[in-house]
Protein chains: 2
Amino acid sequence: MRILYTDGSAAPNPGPGGYAVIENGKPIALGGEPMTTNIRMEGIALGKALRLLNGEEAKIYTDSDFWRQVLMQWAPNWQINGWKKKKGDIKNLDIVKPLYELYCQSNAEIIWLKGHAGHEYNELADSWANKAREGQRIENING
Amino acid sequence: MRILYTDGSAAPNPGPGGYAVIENGKPIALGGEPMTTNIRMEGIALGKALRLLNGEEAKIYTDSDFWRQVLMQWAPNWQINGWKKKKGDIKNLDIVKPLYELYCQSNAEIIWLKGHAGHEYNELADSWANKAREGQRIENING
RNA sequence: AGACACCGGCUACG
DNA sequence: CGTAGCCGGTGTCT
């Protein structure tokens, strides 16, 4: 049973963003984008984690209750209703759809934990996501 | 020319509710009900304001576009058609009818302003409506 | 089927 | 204080 921690950030929000996937206290995936949102980076981190797992049994810890609810509650309904919700449009569908598909094929459990509440590995993921974002900012500045 | 601000709220909705009428930065009417809706409380606030004006020339600011449209567009038609609309019943008729009558006899102009957009006196009305609702909740708990 | 407004709740990011 | 996202409700209109 593998245990992964994911986190994403954007500063300012929206703005340059980064994400990290942590396993055994070390980053196994890092990345960033020059212009994104906190929500998108958290989702991309989860997608990266699911891809790395490739079907293996696992627990993934995230501080994004939003994405946990997308995968476990809302997406099933959205799919049935043709990817529509009652009010307005579903945002970030380009991430939602493939992520939900990955989740359905996975043996992973998505577990929410409160951010900045002293969870060691979550803080670590946060820290690495920030580093990845800073790297992104530098790339951005350099061109 | 008197300038009044009204607001109403319910938390949860439906649930205990409160309303406030503000003039010169101070509440001139407050009230609450143990079980109501946000729409009803906004309407009751307007009714209270019109009664307090007693025909004096005034502007009344509300963030309920719904009630502004009731008074300025829909109610005239509803009255002509015997207080019926094409589909379904008119809700909250117990508030709509006397409110429309008060409005017709008044010299007040109803003006909509966007809620939670930094309008100082509207925020004040919101704040007092919440206090009135909390008082209502306490009364509710006590008895 | 669309549109509008308001009320309430939750999480994260900054 | 702001941003990004979601859920539920009351109500009307075309």
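Letters A, B, ... mirror the listed sequences (proteins, then strands); counts begin at 1.
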Open item on the list: Without decimals, in angstroms, what is the distance between Trp74(A) CH2 and G9(C) C1'?
Closed with: 11 Å

Task: With Leu4(B), the side chain to side chain contact (heavy atoms under 4.5 Å, CB included) member among Ile28(B), Leu50(B), Asn24(B), Leu46(B) - done: Ile28(B)

- [ ] Please figure out whether Lys87(A) or Asn92(A) has its closest DNA chain D nucleotide nearer the 5' end.
- [x] Asn92(A)

Task: Residue mapping more 5' on RNA chain C - nearest nucleotide basis, Glu42(A) or Asn13(B) - done: Asn13(B)

Open item on the list: Main chain of Asn38(B), side chain of Asn13(B): is a donor-acceptor contact present, judged purely on distance under 3.5 Å?
Closed with: yes

Task: Under 3.5 Å donor-acceptor, Trp67(A) side chain and Ile39(A) backbone - done: yes

Open item on the list: Please confirm whether the shortest side-chain N or O distance from His116(A) to OP1 or OP2 of A12(C) is below 4.0 Å.
Closed with: no

Open item on the list: With a cut-off of less than 4.0 Å, is there a side-chain N or O of Arg133(B) near OP1 or OP2 of G8(C)?
Closed with: yes

Open item on the list: If I take atom CD1 in residue Ile44(A) and atom P in nucleotide C13(C), what distance separates them, rounded to the nearest angstrom?
Closed with: 16 Å

- [ ] Return the value, rounded to whole Å, for the distance between atom CD of Glu123(A) and atom P of A12(C).
- [x] 12 Å

- [ ] Determine, stepwise, if the pair Tyr100(B) / Leu71(B) fulfils side chain to side chain contact (heavy atoms under 4.5 Å, CB included).
- [x] CA-CA 6 Å; Tyr100(B) 181 56; Leu71(B) 295 178; 4.2 Å; yes

Open item on the list: Below the 4.0 Å mark, does A5(C) have OP1 or OP2 next to a side-chain nitrogen or oxygen of Asn38(B)?
Closed with: no

- [ ] Please report, rounded to the nearest Å, how far the C1' atom of C6(C) is from the NE2 atom of His119(B).
- [x] 14 Å

- [ ] Could you state the atom-to-atom distance from CD1 of Ile39(B) to C1' of G8(C) in whole Å?
- [x] 13 Å

TODO: Determine whether more than 12 heavy atoms belonging to other residues, nucleotides or ligands lie under 6.0 Å from atom NZ of Lys84(B).
DONE: no

Task: Value in whole Å for how far the C1' atom of A12(C) lies from OH of Tyr19(A) - done: 19 Å

Open item on the list: Against Tyr5(A), only a single residue in Leu113(A), Leu124(A), Val21(A), Thr62(A) fulfils side chain to side chain contact (heavy atoms under 4.5 Å, CB included); can you say which?
Closed with: Leu113(A)

- [ ] Send over the distance from Asp7(A) CG to U11(C) P, rounded to a whole Å.
- [x] 16 Å

- [ ] Could you check whether Trp112(B) gets within reach of a base, just the sugar-phosphate, or nothing at all, counting any heavy atom under 4.0 Å?
- [x] sugar-phosphate

Open item on the list: For a quick check, tell me whether the side chain of Asp63(B) and the base of C6(C) share a donor-acceptor pair closer than 3.5 Å.
Closed with: no

Open item on the list: By the 4.0 Å heavy-atom rule, please label Asn122(A) as base, sugar-phosphate, or nothing.
Closed with: nothing

TODO: Verify the cluster assignment for Met72(B) and Leu53(B): are they in a single hydrophobic cluster under the rule of side-chain heavy atoms below 4.5 Å apart?
DONE: yes

Open item on the list: Return whichever of Ser9(B) or Lys114(A) has its heavy-atom-nearest nucleotide of RNA chain C closer to the 5' end.
Closed with: Ser9(B)

- [ ] Would you indicate whether Glu56(A), at its atom CD, is surrounded by more than 12 heavy atoms from other residues, nucleotides or ligands within a distance under 6.0 Å?
- [x] yes

Open item on the list: What's Gly8(A) touching, base or sugar-phosphate or nothing? Going by heavy atoms closer than 4.0 Å.
Closed with: sugar-phosphate

- [ ] Calculate the interatomic distance between Ile110(B) atom CD1 and C6(C) atom C1'; express it in whole Å.
- [x] 16 Å

Open item on the list: Any base atoms under 4.0 Å from Asn77(A), or only sugar-phosphate, or nothing? Heavy atoms, all strands.
Closed with: nothing

Task: Bounds of contact between DNA chain D and chain A, in 5' to 3' order, using a heavy-atom cut-off under 4.0 Å - done: dT3(D) to dG9(D)

